[in-house]
Structure formats: C-alpha cells, structure tokens
Amino acid sequence: VWAGTGEAWAIRDADQAVQIFFERGPGNWNGASWPHYRYLRQHTQTLDGLAAFSEPTFRIAYKDSSWDAHAMITSENYFDVIGMGFVLGRGFSAAAGDLNNPAPEMVLQHETWVNRFGRNPAIIGSRVEVGSHPFEVVGIATPGFHGGGASRVELWIPAAWNDIIRPDQKTMNNNDACCVALIGRLRQYTTRATAQAELATLNSQFFSSANQPDS
C-alpha cells in the first residue's frame with residue numbers, strides 16, 4: 001500500500017489529503033474495486049473520510065444537443081472529502097450512494113456550465129440525460145477544478161449509476177473490477193506512515209475475507 005500526497009490538487013488542506021494505491025505485482029500500482037473501497041471506508045480509523053472515483057465516457061443529452069462527455073463517477077462523499085466549494089448549488093446527497101436506488105444527481109464542471117449551458121444559473125434543478133437516464137443538476141463546481149483525475153472531466157455523477165447506465169459492465173459489487181482511484185484525509189495528529197500501515201492491514205483482511213468460500 002502506498003499513501004501518496006494530494007498536494008498537487010487544488011483542494012482544501014491538500015497536505016492532509018492522501019492518494020492511495022495498491023501493489024498488484026512488482027511495480028504494478030493500481031486503485032481498488034468498489035467493494036474493496038467500501039471495506040476500507042467502513043473500517044479505517046486513520047482517515048477522516050475516504051472517497052473513490054473513476055473516469056468513464058458517457059453520452060450526454062440536453063434539449064436538442066448531445067455529446068460524448070468525459071465524466072467522473074464518484075462515491076457520494078467525494079465533494080465532502082475533496083473539500084471543494086460550489087459556484088452554485090451543492091454536491092451529492094447521501095441518497096446518491098444508495099446502491100439499490102441512487103439519487104439521479106449531477107454536478108457540472110465550471111467550464112462545462114459556461115460552454116455547454118451558457119452560464120445559465122437556471123440549469124440548477126434542470127434535467128440532463130446520461131445514457132438516456134435523466135439526472136438533476138444540483139451543483140456547479142468552482143472554476144479550474146477538474147476532479148483530480150488523469151484528465152479534465154466535464155461532469156460528475158454518483159458511482160452507483162454506472163451499473164445502471166452500463167449494465168454490461170457490472171462493477172459495484174465485483175471484487176475483480178479494477179480500478180477506482182482513492183483519496184482520503186488524514187485524521188488529526190495521524191501521520192501518513194500510520195495510515196499506510198493501517199491500510200496495508202485492512203487490505204490483507206479484505207482479500208482474506210473475499211477469498212473465503214461461501215458457507
């Protein structure tokens with residue numbers, strides 16, 4: 001397990017943010033599966049918040065326009081952990097994390113709001129389709145924030161929607177579906193080395209339990 005710095009991100013208290021990777025083989029560092037992430041989030045005592053995300057492309061439609069957007073699907077606590085504000089609106093509600101019935105919420109990247117929606121404040125509360133599913137725009141991100149991923153994202157939706165929009169790619173309950181990126185925040189007075197040691201233990205526990213035969 002490696003808990004790297006989050007200081008390259010333009011986020012609140014970046015020195016307390018950690019990006020988390022797991023070694024799958026010599027020199028092969030990756031993220032986690034969604035079940036792996038949920039296990040770590042549930043059991044960690046060294047992190048004050050742990051969020052996950054990945055970056056698919058979805059077909060977006062609004063009124064008479066449609067386009068392929070580089071999106072980010074995230075855990076519902078993503079914006080809370082990142083600590084980012086909003087020009088308008090808010091981040092995801094707790095209901096967005098319901099794996100059985102996730103709230104259809106969307107946050108727009110600031111440039112997307114400007115370029116695709118003409119900086120119209122009335123877009124908050126409006127419906128935008130993702131893969132033919134209607135989502136409510138609940139927030140506009142602060143200028144310049146692109147999510148901290150590998151590419152510039154245009155919008156965010158709750159991760160639980162991935163299996164609904166792309167039923168051929170079931171990932172939310174698949175231990176072998178890699179890989180989602182993880183970012184957390186150190187608890188007060190917790191060192192990066194302490195968090196890394198705890199995560200290594202939890203990582204071993206997760207895979208030990210995952211490999212147990214069903215009784």
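We use all heavy atoms of the structure for the numbers below, so side chains are in, but hydrogens, waters and symmetry mates are not. Numbering of residues begins at 1 and proceeds along the displayed sequence.
- Contact detail for L182 and L50: the closest heavy-atom pair is CB-CD1, 4.3 Å.
- Relative ring orientation between F22 and H36 is described as tilted, the plane-to-plane angle lying within the 30° to 60° band.
- For the pair Y39 and L202, the tightest heavy-atom approach, listed with the atom from each and the gap, is CE2-O, 3.5 Å.
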Checking side chain to side chain contact (heavy atoms under 4.5 Å, CB included) for the pair D48/Q188: CA distance, chi angles, key distance, verdict?
CA-CA 8 Å; D48 186 16; Q188 191 174 17; over 6 Å; no

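- In terms of heavy-atom proximity, E55 sits nearest to V153 at OE1-CG1, 4.0 Å.
- Taking the side chain to side chain contact (heavy atoms under 4.5 Å, CB included) definition, one finds that N174 meets it with D176, A177, sequence neighbours left out.
- Of all heavy-atom pairs spanning L47 and A195, the tightest one is CD2-CB, 4.2 Å.
- Atoms CD1 and CG, from I140 and N120 in turn, are 9.5 Å apart once rounded to the nearest 0.5 Å.
- Around atom CG of D64, no more than 12 heavy atoms belonging to other residues, nucleotides or ligands sit under 6.0 Å away.
- Contact detail for I183 and V81: the closest heavy-atom pair is O-CG1, 3.8 Å.
- Between atom CH2 of residue W34 and atom CZ of residue R41 there is a gap of 9.5 Å, rounded to the nearest 0.5 Å.
- Residues V107 and A141 approach most closely at CG1-N, 4.2 Å, considering heavy atoms.
- When the options W113, F117, F135 are evaluated for a ring pair (Phe, Tyr, Trp, His ring centres under 6.0 Å) with Y62, the one that passes is F117.
- Annotation: the span from F53 atom CZ to M72 atom CE amounts to 4.5 Å, rounded to 0.5 Å.
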